[in-house]
Protein chains: 2
Amino acid sequence: MYEQLAKSIGEKVALTAAEFDLCKTFFIPKKIRKKQTLLLEGDVCTYNAFIEKGILRSYTTDAKGNEHIIQFAFEGWWITDLSSFLMGENSTYTIEAIEDSELLLLTAAAREELMNALPVFERYQRLLLENAYIALQARVNSALTATAEEKYTKLTIAYPDIVARVPQHMIASYLGLTPETLSRVRKQITLRK
Amino acid sequence: MYEQLAKSIGEKVALTAAEFDLCKTFFIPKKIRKKQTLLLEGDVCTYNAFIEKGILRSYTTDAKGNEHIIQFAFEGWWITDLSSFLMGENSTYTIEAIEDSELLLLTAAAREELMNALPVFERYQRLLLENAYIALQARVNSALTATAEEKYTKLTIAYPDIVARVPQHMIASYLGLTPETLSRVRKQITLRK
DNA sequence: AAATAAAATTGATTTAGATCAATGGCATTT
DNA sequence: AAATGCCATTGATCTAAATCAATTTTATTT
């Protein structure tokens with residue numbers, strides 16, 4: 001149940017077996033079924049979730065009821081509404097499982113304690129944030145610069161997992177396109193080959 | 001010369017006067033004039049820059065030669081190409097002063113040393129990253145969700161400084177709009193009042 | 001396996017914002 | 001203070017992607 005977490009931490013910092021055993025005690029394991037929500041818009045996001053197995057997504061809903069996907073998260077990634085999680089504000093996001101998933105949950109208090117108990121865990125969190133920030137900035141750049149087709153092509157290169165495992169209409173939402181436009185873009189690409 | 005830095009760190013963590021004196025020694029002060037660059041596209045970004053005074057921007061240039069502004073940074077903020085700074089890759093960004101500015105530069109090596117010498121500095125960096133990540137995610141959401149007018153209105157509310165101090169065509173670039181569209185959006189808003 | 005619902009595709013039409021083009025208004029520079 | 005170049009505005013036209021609508025395909029549920 002903690003394999004992915006051990007791997008993720010191990011890729012960033014060094015942790016002894018005893019330290020990792022301590023680390024584990026701060027997490028709450030949770031299974032969640034497809035289409036179930038971990039966080040509902042309007043609620044306070046009480047957990048930072050690490051994904052051992054499965055896929056989740058976070059999304060906002062606009063005035064017309066359209067969903068806009070903010071993030072996908074796979075095995076070995078984290079997902080939360082950071083703003084709500086840290087500041088205790090009501091969330092504007094919903095977090096939902098795309099597949100049956102296994103999570104390791106960390107409350108804000110547990111996270112603080114864990115960072116104090118194991119300073120390398122704070123370093124691990126910082127390194128994760130750095131990568132997440134870089135990835136998000138690339139996404140902003142793509143949103144400012146790219147055409148519909150370029151956005152999709154970049155995604156297939158940067159995140160083939162997303163394209164392989166996530167329904168197409170969700171990919172469209174993530175890219176800021178309608179499902180119809182993404183369908184046509186894909187057709188254009190295959191016709192050209 | 002270090003007032004803004006003291007303030008920024010002090011808002012996030014506690015640091016004694018002696019610790020702050022030590023902290024200062026890791027930075028390289030630098031003045032930069034309007035339109036001068038701190039980083040040129042294609043070079044490695046060797047500094048993380050803290051802004052004591054002035055405004056900088058980072059931007060990419062697309063195939064047609066259009067600039068797309070990734071970030072503005074004012075007094076008390078940081079700017080760098082994090083990807084290039086951390087990984088040593090050639091940057092796709094240019095970082096340029098919008099006004100005559102005073103900077104405090106941190107190399108990647110100095111940053112590592114400083115975090116090891118003063119663990120609270122690592123905490124400070126993490127807290128900054130958390131805020132930056134939240135702000136960037138809000139920007140992604142706005143890019144996915146909002147019309148031209150909504151994007152501009154949100155910006156005036158969230159960052160009145162940007163609207164007050166940055167030329168309009170740069171604001172357009174930051175929002176992913178043409179200068180013409182932003183001009184028309186602004187006209188609509190004033191006509192309606 | 002049939003029934004139902006959800007997702008993807010395809011076509012026709014619309015539209016928000018881009019592009020092209022010209023003019024007037026500010027700032028720097030000399 | 002004149003001159004030069006950049007910036008913002010306004011108008012006319014174009015276009016990429018959205019919207020509306022219908023059909024086919026693929027998943028779920030019973």
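A, B, ... follow the sequence lines: proteins, then strands. Residue 1 opens every chain.
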- Please give, in whole Å, the distance from D/dG11 P to B/Gln188 CD? 11 Å
- Message: Quick test of your reading: applying ring pair (Phe, Tyr, Trp, His ring centres under 6.0 Å), list the pairs with at least one residue in residues 158-183 of chain A, sequence neighbours left out, ordered by first then second residue.
- Response: A/Phe72-A/Tyr174
Of all residues at least two apart in sequence or in a different chain, which pass the side-chain hydrogen bond (donor to acceptor under 3.5 Å, both in side chains) check with [X]?
X: A/Glu52; result: none
X: B/Tyr47; result: none
X: A/Asp62; result: A/His68
X: A/Ser142; result: none

- Task: Scan for salt bridge (Lys or Arg N to Asp or Glu O under 4.0 Å) pairs involving residues 84-94 of chain A, sequence neighbours excluded, and state none if there are none.
- Result: none
- Task: Please determine if B/Glu130 and B/Arg126 form a salt bridge, counting it only when a charged side-chain N lies under 4.0 Å from a carboxylate O.
- Result: yes
- Task: Mark yes when over 12 heavy atoms from residues, nucleotides or ligands other than B/Lys154 sit less than 6.0 Å from its NZ; otherwise mark no.
- Result: yes
- Can you tell which of A/Arg57, A/Lys34, A/Arg165 makes a salt bridge (Lys or Arg N to Asp or Glu O under 4.0 Å) with A/Glu99? A/Arg165
- Note on the structure: Only one of A/Ile79, A/Ile98, A/Ile162 passes side chain to side chain contact (heavy atoms under 4.5 Å, CB included) with A/Ile55, and that residue is A/Ile98
- Query: So where does chain B start and stop touching DNA chain C, 5' to 3', when the test is distance under 4.0 Å to a non-hydrogen atom?
  - Reply: C/dG17 to C/dT28
- Query: Using the C1' atoms of five pairs at each end, what's the angle between the two axes of the helix from C/dA1-D/dT30 to C/dT23-D/dA8, to 10 degrees?
  - Reply: 50°
- salt bridge (Lys or Arg N to Asp or Glu O under 4.0 Å) filter on A/Asp100, not counting sequence neighbours, yields A/Arg33
Distances under 3.5 Å only, N/O to N/O: pair up the protein atoms with those of nucleotides 4-8 of chain D.
| from | atom 1 | to | atom 2 | distance (Å) |
| --- | --- | --- | --- | --- |
| D/dA8 | OP1 | B/Gln168 | N | 2.9 |
| D/dA8 | OP2 | B/His169 | N | 3.1 |
| D/dA8 | OP2 | B/His169 | ND1 | 3.1 |

- Query: Other than A/Leu128, what residues sit in its cluster of Ile, Leu, Val, Met, Phe, Trp and Tyr side chains whose heavy atoms are under 4.5 Å apart, directly or through others?
  - Reply: A/Met1, A/Tyr2, A/Leu5, A/Ile9, A/Val13, A/Leu15, A/Phe20, A/Leu22, A/Phe26, A/Phe27, A/Phe50, A/Trp78, A/Leu104, A/Leu106, A/Leu114, A/Met115, A/Leu118, A/Val120, A/Phe121, A/Tyr124, A/Leu127
- Query: Is a side-chain N or O of B/Thr178 found less than 3.5 angstrom from the main chain of B/Thr181, in a donor-acceptor match?
  - Reply: yes
- Under 4.0 angstrom, heavy atoms only, what part of the nucleic acid is A/Lys151 near: base, sugar-phosphate, or nothing? nothing
Please enumerate all protein N or O atoms sitting under 3.5 Å from an N or O of nucleotides 12-21 of chain D, with distances to 0.1 Å.
| from | atom 1 | to | atom 2 | distance (Å) |
| --- | --- | --- | --- | --- |
| D/dA17 | OP1 | A/Ala148 | N | 2.8 |
| D/dA18 | OP1 | A/Gly176 | O | 3.4 |
| D/dA18 | OP2 | A/Thr178 | N | 3.4 |
| D/dA18 | OP2 | A/Thr178 | OG1 | 3.2 |
| D/dA18 | OP2 | A/Thr181 | OG1 | 2.3 |
| D/dT19 | O4 | A/Arg184 | NH2 | 3.0 |
| D/dC20 | N4 | A/Glu180 | OE2 | 3.2 |

